Trainee: 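Before we start, here is the structure in question, set down as structure tokens.
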Protein chains: 2
Amino acid sequence: MTRASSASSARECSIANALAVVGERWSLLVLREVLLGNVRFESIVANTGGSRDILTARLRTLVDAEVLERRLYDEHPRRYEYLPTEAGRALQPVLLALMDWGDRYVTQGPPPTVWEHACGEELHVTAVCAACGEPVGSGESRLLRLGGIDQPRTASLG
Amino acid sequence: MTRASSASSARECSIANALAVVGERWSLLVLREVLLGNVRFESIVANTGGSRDILTARLRTLVDAEVLERRLYDEHPRRYEYLPTEAGRALQPVLLALMDWGDRYVTQGPPPTVWEHACGEELHVTAVCAACGEPVGSGESRLLRLGGIDQPRTASLG
DNA sequence: CTCCTGAGTTGGATTCTCCAACCCGCTACC
DNA sequence: GGTAGCGGGTTGGAGAATCCAACTCAGGAG
């Protein structure tokens with residue numbers, strides 16, 4: 001568990017903190033499956049393609065991080081399922097943003113997976129400023145407070 | 001390079017494809033720095049806290065994936081910098097979504113890094129449906145087409 | 001009694017990551 | 001002219017994580 005702990009002088013940042021929880025290989029794919037409703041070990045193994053041992057480990061760290069909850073769904077053949085907690089469900093925007101980026105810049109051909117939003121249209125997400133509602137991404141934001149070092153001269157994140 | 005290549009029966013999905021490009025450790029932290037304007041090797045090393053050898057490798061894969069562009073900025077002491085391409089800049093919403101999630105569910109205390117949007121308010125992103133503008137995340141979407149196996153009974157991603 | 005399923009464990013080989021030290025071309029200083 | 005420093009990497013070896021296949025274990029089903 002090489003957590004974000006060591007790293008002497010790295011920037012203190014919630015992106016790094018988030019990645020310390022869900023940044024390991026398979027974690028986000030596990031979350032994709034769980035949010036899709038595939039909450040049992042066997043279907044997570046089948047759909048992610050990860051090996052059983054590391055998926056066991058990932059599921060455990062995600063449960064420890066309270067992103068998933070391990071629930072007994074059958075007493076007698078003791079069987080468990082992994083349900084998303086509130087924190088887990090809150091990762092949906094991250095996954096959708098990643099999917100959109102992958103559709104646009106990585107996947108060849110048409111998007112393999114398409115969602116329909118409640119409004120009836122194909123679902124594509126846009127990130128907007130929570131305050132004013134304008135789309136974010138044109139580089140018109142600046143740093144207010146920065147935890148860490150090396151203040152950049154031009155900040156274009158967002 | 002254990003790409004998304006092998007994995008016999010995994011779901012075909014742009015989330016997995018995206019993660020094959022930016023899902024390795026340090027990749028997204030490199031992108032954070034580059035988008036912050038810290039585009040030189042030394043400041044990437046300093047601010048991410050990663051070791052020089054793996055950052056060298058990550059930068060190379062990101063350049064190969066056309067997420068970054070390696071540009072000579074000084075001829076005589078031959079020096080390079082890493083600039084985001086369009087695909088790289090398009091990762092901003094992913095990073096902001098991760099940061100928001102980290103602020104909310106991982107980071108203890110106040111957010112270490114705060115951005116100000118052009119509108120004057122602190123920047124927090126919301127993911128909205130590109131078509132209708134409604135926020136996404138309450139689980140009111142369904143699958144239209146699914147690449148892969150194991151159709152879930154209830155789909156709540158988005 | 002044997003087979004099957006779900007949910008993991010275990011072992012061994014391979015690969016990745018970490019860290020510190022080193023290198024190379026160039027510039028600045030003394 | 002020597003040497004110290006910097007930016008941008010490479011290299012080596014130790015330790016950790018990952019992969020894959022095989023195994024376990026408990027509880028049905030036939």
Side-chain angles (χ1 to χ4, degrees), chain A residues 1-10 16 19-30 33-34 38-64 68-83 149-150, chain B residues 1-10 16 19-30 33-34 38-64 68-83 149-150:
Chain A
M1 227 44 47
T2 323
R3 281 266 159 276
S5 46
S6 56
S8 45
S9 67
L19 289 173
V21 176
V22 296
E24 286 165 306
R25 201 143 131 68
W26 305 110
S27 298
L28 285 176
L29 292 183
V30 166
E33 289 309 315
V34 169
N38 294 114
V39 295
R40 326 268 244 225
F41 189 76
E42 289 300 320
S43 51
I44 292 171
V45 169
N47 290 310
T48 61
S51 46
R52 323 172 65 76
D53 54 353
I54 66 151
L55 290 175
T56 301
R58 281 308 150 269
L59 285 166
R60 210 186 306 280
T61 70
L62 290 172
V63 168
D64 289 353
L68 297 181
E69 183 200 344
R70 186 173 189 250
R71 213 196 48 161
L72 191 70
Y73 74 87
D74 195 356
E75 271 293 355
H76 262 308
R78 250 182 139 64
R79 305 238 179 288
Y80 297 92
E81 62 190 4
Y82 295 89
L83 301 175
I149 47 272
D150 262 37
Chain B
M1 227 46 44
T2 322
R3 281 267 159 278
S5 44
S6 55
S8 45
S9 67
L19 289 173
V21 176
V22 296
E24 286 166 306
R25 202 142 130 69
W26 305 111
S27 298
L28 286 175
L29 292 183
V30 166
E33 289 309 315
V34 168
N38 294 113
V39 295
R40 319 275 244 216
F41 189 77
E42 290 300 320
S43 53
I44 292 171
V45 169
N47 290 309
T48 60
S51 47
R52 322 171 66 74
D53 52 353
I54 66 152
L55 289 176
T56 301
R58 282 307 152 270
L59 284 166
R60 210 185 306 280
T61 70
L62 290 173
V63 168
D64 289 352
L68 298 181
E69 183 200 344
R70 188 175 188 247
R71 214 196 46 162
L72 191 70
Y73 74 88
D74 194 355
E75 270 292 356
H76 263 308
R78 250 185 138 64
R79 305 239 179 286
Y80 298 91
E81 61 190 7
Y82 296 88
L83 302 175
I149 48 272
D150 262 37

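Computed from a predicted structure; not experimentally measured. Residue numbers start from 1 in every chain, and the chains themselves are labelled A, B, ... in the order their sequence lines are given, proteins ahead of strands.
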Trainee: Between C:dG8 and A:Y82, is there an OP1 or OP2 to side-chain N/O distance shorter than 4.0 Å?
Mentor: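 Yes, A:Y82 has a side-chain N/O under 4.0 Å of OP1/OP2 on C:dG8.
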
Trainee: What nucleotide, of D:dC20, C:dT17, D:dG28, holds the atom closest to the side chain of A:P77?
Mentor: D:dG28

Trainee: Output the rounded distance in Å from CD (A:E75) to C1' (D:dA26).
Mentor: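 Rounding to the nearest Å, CD of A:E75 and C1' of D:dA26 are 14 Å apart.
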
Trainee: Under 4.0 Å, counting only non-hydrogen atoms across every strand here, what does B:D53 touch: a base, just sugar-phosphate, or nothing?
Mentor: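 The answer is base, as B:D53 lies within the cut-off (heavy atoms under 4.0 Å) of a base atom.
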
Trainee: Would you state whether a donor and an acceptor, one from the side chain of B:R52 and one from the base of D:dG8, lie under 3.5 Å apart?
Mentor: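 It does, because a donor-acceptor pair links the side chain of B:R52 to the base of D:dG8 below 3.5 Å.
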
Trainee: Would you kindly check whether a donor in the side chain of B:R79 faces an acceptor in the base of D:dG8, or vice versa, at under 3.5 angstrom?
Mentor: no

Trainee: Do the side-chain N or O atoms of B:R60 get closer than 4.0 angstrom to the phosphate oxygens (OP1, OP2) of D:dT10?
Mentor: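 Checking B:R60 against D:dT10: at least one side-chain N or O falls below 4.0 Å of OP1 or OP2.
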
Trainee: Just by distance, with hydrogens left out, do B:R40 and B:Y80 show a side-chain donor and acceptor under 3.5 Å apart?
Mentor: no

Trainee: For A:R70 and A:Y82, which I'm curious about, is there any donor-acceptor pair between the side chains at under 3.5 Å?
Mentor: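 Present: a donor and an acceptor within the cut-off.
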
Trainee: Does A:R58 put a side-chain nitrogen or oxygen below 4.0 Å from OP1 or OP2 of C:dG8?
Mentor: no

Trainee: Establish, with yes or no, whether the OP1 or OP2 oxygen of D:dG8 is under 4.0 angstrom from a side-chain nitrogen or oxygen of B:Y73.
Mentor: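 Checking D:dG8 against B:Y73, a side-chain N or O does come within under 4.0 Å of OP1 or OP2.
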
Trainee: Tell me whether the OP1 or OP2 atom of C:dT15 has a side-chain N or O from B:R25 closer than 4.0 Å.
Mentor: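 Indeed not, no polar side-chain atom of B:R25 lies that close.
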
Trainee: Given that A:R78 and A:I54 both sit by DNA chain D, which one's nearest nucleotide is further toward the 5' end?
Mentor: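 On the 5' side of the pair lies A:I54.
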
